[in-house]
Number of protein chains: 2
Amino acid sequence: MSQTVDRALSILPLLAQGPADLGQVADRLGVHKSTALRLLRTLHEHGLVYRQQDQRYRLGARLFALAQEAVENLDVREIAHPHLAALNNECGHTVHLAVYEENEVEVLYIDKVESRYPVRMYSRIGKPVAITVAAVAKLLLADLPEAERRTIAEKLDYPTYTSRSTPNAAAFLKELALVREQGWATDLGGHEESINCVAAPVRGADGRVVAAMSVSAPNVVVTAEELLTLLPLVRRTADAISREYSGNTPPKEARA
Amino acid sequence: MSQTVDRALSILPLLAQGPADLGQVADRLGVHKSTALRLLRTLHEHGLVYRQQDQRYRLGARLFALAQEAVENLDVREIAHPHLAALNNECGHTVHLAVYEENEVEVLYIDKVESRYPVRMYSRIGKPVAITVAAVAKLLLADLPEAERRTIAEKLDYPTYTSRSTPNAAAFLKELALVREQGWATDLGGHEESINCVAAPVRGADGRVVAAMSVSAPNVVVTAEELLTLLPLVRRTADAISREYSGNTPPKEARA
DNA sequence: CGTCAAGTTGCAGCATGTGCAACGACCATT
DNA sequence: AATGGTCGTTGCACATGCTGCAACTTGACG
């Protein structure tokens with residue numbers, strides 16, 4: 001809606017792919033160098049962009065601080081974390097929490113608990129999920145009104161990660177209908193051949209799905225059948241989170 | 001430099017303090033509601049801002065994704081991490097990595113390895129460091145040209161966290177001179193009474209300090225004297241990171 | 001049913017952002 | 001050392017697109 005701001009903000013994802021110099025930024029924005037310069041300067045003053053010694057620009061550290069504060073405002077995550085950790089403790093597998101935000105066509109992981117190497121745990125948080133195959137993505141999209149589901153399904157690409165990846169919009173919509181009905185979802189080798197997931201939804205007080213959680217494990221550790229036996233446990237955990245989340249309905253300033 | 005973008009970006013730190021509605025945003029920006037609306041809409045389209053059901057705005061998940069990609073491009077962190085983990089493995093204490101970015105008056109932790117509860121490890125990453133007392137902050141600031149050091153020292157506040165906190169600009173500058181000369185730094189109960197740290201700098205190819213790392217431990221585990229015996233180990237680790245970081249001098253597209 | 005508060009829209013005026021062209025700094029090449 | 005080229009930077013005239021106003025819509029409350 002605002003051209004100037006729109007252009008300025010378009011620089012951020014551009015720089016996220018790697019450092020770029022003034023000329024490159026101007027080219028990819030389709031504006032004059034002097035225009036790009038002014039935009040970059042403004043971003044720089046706010047610390048969102050950093051200029052390294054070779055004069056190329058990259059994303060700045062302030063972005064960090066903001067993202068940090070943003071996540072602290074996500075109450076679902078805060079409430080869910082102990083439950084995720086407990087679940088991980090019980091079954092030993094990787095546990096994910098993901099959300100979908102309206103007009104984005106992305107589902108993002110916002111938390112992850114890994115069994116083996118907890119040190120690297122946050123390496124994937126914030127990364128977009130493979131939206132057409134991931135169990136958590138199916139749950140989040142399945143909850144949308146049908147019209148919206150259809151619109152999105154047609155906008156998406158359907159990459160063939162494996163032979164079991166969702167092939168097209170029709171198949172995806174069918175899968176969403178199934179997921180919506182049964183209240184849980186799976187991804188059996190649809191993203192990586194040897195990885196399976198089971199997932200369950202977290203619901204707010206109004207019954208709408210606000211987040212989704214999943215347990216993932218490679219074939220070599222447990223078979224798909226074995227993983228499915230964890231479904232009741234996963235659903236129980238998700239329900240517990242839902243209860244706690246919608247119980248404290250006013251999540252802010254609630255001091256009984 | 002660009003009024004519109006400047007205003008739009010000012011909304012972000014404002015929302016970082018917590019959700020706000022249109023009127024509040026307009027007030028705090030000092031602009032008309034319709035102007036604020038257009039800015040917020042633009043931010044929303046880029047996913048930096050999210051509109052919750054009560055129509056109030058908050059920071060969006062896209063910030064995450066961006067910060068995530070940004071951190072992956074921060075090569076220091078990538079190179080340093082295995083060294084930090086090894087050091088942690090050897091001594092068992094908490095290990096930090098921090099950077100300082102030019103025109104900000106902030107030092108930020110960009111990595112952390114904790115001994116006891118690695119699961120919560122990233123909770124502090126991205127948070128600003130207590131700049132007047134932290135050992136890593138001293139190292140990063142001590143490397144700046146004298147004029148800049150003085151300017152910054154005078155801009156800072158000197159909160160009295162404990163009786164041993166740096167009291168004022170003069171004391172801080174003196175400490176920076178010492179740190180600069182000896183090439184390492186400590187914080188002995190300056191931030192929290194019972195916590196001590198020793199830190200060493202990571203240098204780039206040109207010799208400038210690009211990051212700083214520290215080992216922290218509470219009094220009850222090891223005394224300050226015992227912690228100081230780790231200094232050689234810390235310095236060796238930092239030097240190893242420096243070598244690796246400046247060795248692969250062209251960190252991008254370097255395929256021999 | 002009426003009042004009030006908060007969000008939204010269309011519009012006229014002009015502040016502000018835009019692209020151009022010229023300048024300066026730096027590097028590589030001869 | 002001189003020259004040509006690339007890239008970042010600056011000042012300026014123009015008109016684009018941003019701004020604030022005022023009127024309209026929506027929803028909550030009594």
Side-chain angles (χ1 to χ4, degrees), chain A residues 1-12 14-15 17-60 101-103 145 204-206 208 249-250 252-253, chain B residues 1-12 14-15 17-60 101-103 204-206 208 249-250 252-254:
Chain A
M1 286 252 115
S2 163
Q3 188 191 65
T4 318
V5 177
D6 186 52
R7 285 174 171 171
L9 297 183
S10 302
I11 294 177
L12 298 178
L14 196 152
L15 291 184
Q17 296 167 16
D21 62 30
L22 179 61
Q24 293 169 334
V25 172
D27 277 354
R28 302 194 47 183
L29 275 187
V31 300
H32 196 268
K33 278 190 304 178
S34 60
T35 303
L37 181 66
R38 238 165 329 101
L39 297 177
L40 281 165
R41 279 224 256 257
T42 311
L43 289 168
H44 181 71
E45 272 174 21
H46 285 258
L48 299 186
V49 142
Y50 172 68
R51 189 157 205 192
Q52 35 187 32
Q53 279 141 357
D54 60 358
Q55 293 198 313
R56 291 192 304 168
Y57 295 91
R58 66 155 43 145
L59 295 180
E101 284 195 357
E102 303 254 343
N103 67 336
D206 53 4
R208 290 208 51 190
T249 310
K252 306 276 167 194
E253 294 105 41
Chain B
M1 284 255 116
S2 163
Q3 188 190 64
T4 318
V5 178
D6 186 53
R7 284 173 171 172
L9 297 183
S10 302
I11 295 177
L12 298 179
L14 196 153
L15 290 186
Q17 295 166 19
D21 62 30
L22 179 62
Q24 293 169 334
V25 172
D27 278 354
R28 304 198 42 189
L29 275 188
V31 300
H32 196 268
K33 278 190 303 178
S34 58
T35 304
L37 181 65
R38 235 162 334 98
L39 298 177
L40 281 166
R41 278 226 257 257
T42 311
L43 289 168
H44 181 71
E45 273 174 21
H46 286 257
L48 299 187
V49 141
Y50 175 68
R51 189 157 206 191
Q52 35 187 28
Q53 279 140 0
D54 61 356
Q55 292 197 314
R56 291 192 307 168
Y57 296 89
R58 66 149 55 136
L59 295 181
E101 283 192 8
E102 304 248 351
N103 67 335
D206 53 0
R208 291 206 50 188
T249 309
K252 308 274 167 197
E253 294 105 22

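Chain letters run A, B, ... following the sequence lines, proteins first and then strands; every chain starts at 1. Side chains included, hydrogens not; waters and symmetry mates left out as well; all remaining heavy atoms used.
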Practice task
Map A:Arg7 and A:Gly23 onto DNA chain D by nearest heavy atom, then report which one ends up closer to the 5' terminus.
Solution key: A:Gly23
Handout entry: Point-to-point distance, once rounded to the nearest 0.5 Å, from CE of A:Met1 to CG of B:Leu43
Key = 13.5 Å
Exercise for the section: Could you walk me through whether B:Leu9 and A:Val5 pass the side chain to side chain contact (heavy atoms under 4.5 Å, CB included) test, one step at a time? Expected result: CA-CA 9 Å; B:Leu9 297 183; A:Val5 177; over 6 Å; no
Fill in the blank from the handout: Separation of C:dG17 atom P from A:Leu29 atom CG, nearest Å, is 16 Å
Exercise for the section: Could you check how far CG of A:Leu22 sits from P of D:dG8, rounded to whole Å? Expected result: 5 Å
Completion exercise
Hits for side-chain contact (heavy atoms from CB on, under 4.5 Å) against B:Gln3, two or more places apart or cross-chain, chain-then-number order -> B:Arg7
Exercise for the section: Please state how far atom CG in B:Asp27 lies from atom C1' in D:dG20, giving the value in whole angstrom units. Expected result: 14 Å
Completion exercise
To the nearest 0.5 Å, atom CD of A:Gln55 lies from atom CZ of A:Arg51 at 4.5 Å
Handout entry: Nucleotide D:dG8, atom P - distance to NE2 of A:His44 in whole Å
Key = 15 Å
Practice task
Starting at atom OH of B:Tyr57, determine the distance to atom C1' of C:dT8, rounded to an integer number of angstrom.
Solution key: 10 Å
Completion exercise
Closest to the side chain of A:Gln55, out of D:dG8, C:dT18, D:dG20, is D:dG8
Taking only distance into account, with no hydrogens and no angle test, what donor-acceptor pairs under 3.5 Å do side-chain atoms of residues 26-39 of chain A form with protein atoms, sequence neighbours excluded?
{"unit_1": "A:His32", "atom_1": "ND1", "unit_2": "A:Ser34", "atom_2": "N", "d": "3.2"}
{"unit_1": "A:His32", "atom_1": "ND1", "unit_2": "A:Ser34", "atom_2": "OG", "d": "3.0"}

Exercise for the section: Among D:dG8, D:dC18, C:dT18, find the nucleotide with the atom closest to the side chain of A:Asp21. Expected result: D:dG8
Exercise for the section: Identify, residue by residue, the members of residues 30-42 of chain A with a heavy atom below 4.0 Å from DNA chain C, and return them in order of residue number, or none. Expected result: A:Val31, A:His32, A:Ser34, A:Thr35, A:Arg38
Exercise for the section: Over all heavy atoms of both residues, which pair between B:Thr4 and A:Ser2 is shortest? Give the atoms and the distance, please. Expected result: CG2-OG, 3.7 Å
Fill in the blank from the handout: Against the side chain of B:Gln3, the closest entry in D:dT9, D:dT19, C:dT8 is D:dT19
Please tabulate, one pair per line, each protein N/O and nucleotide N/O from nucleotides 12-15 of chain D that are separated by under 3.5 Å, including the distance.
none

Practice task
Could you tell me whether the side chain of A:Arg58 reaches within less than 4.5 Å of the side chain of A:Leu15, counting heavy atoms only?
Solution key: no
Handout entry: Heavy-atom closest pair, residues B:Leu12 and B:Val49
Key = CD2-CG2, 4.3 Å
Handout entry: Net bend of the helix from C:dC1-D:dG30 to C:dT30-D:dA1, end axes of five pairs each, nearest 10 degrees
Key = 40°
Problem - Atom-pair distance (CG on A:Asp6; P on D:dT16), nearest Å - result: 19 Å
Completion exercise
The reported gap from CD1 in A:Ile11 to CG in A:Leu40 (rounded to nearest 0.5 angstrom) is 4.0 Å
Practice task
For B:Gln24, check side-chain contact (heavy atoms from CB on, under 4.5 Å) against everything at least two apart and list the hits.
Solution key: B:Ala20, B:Asp21
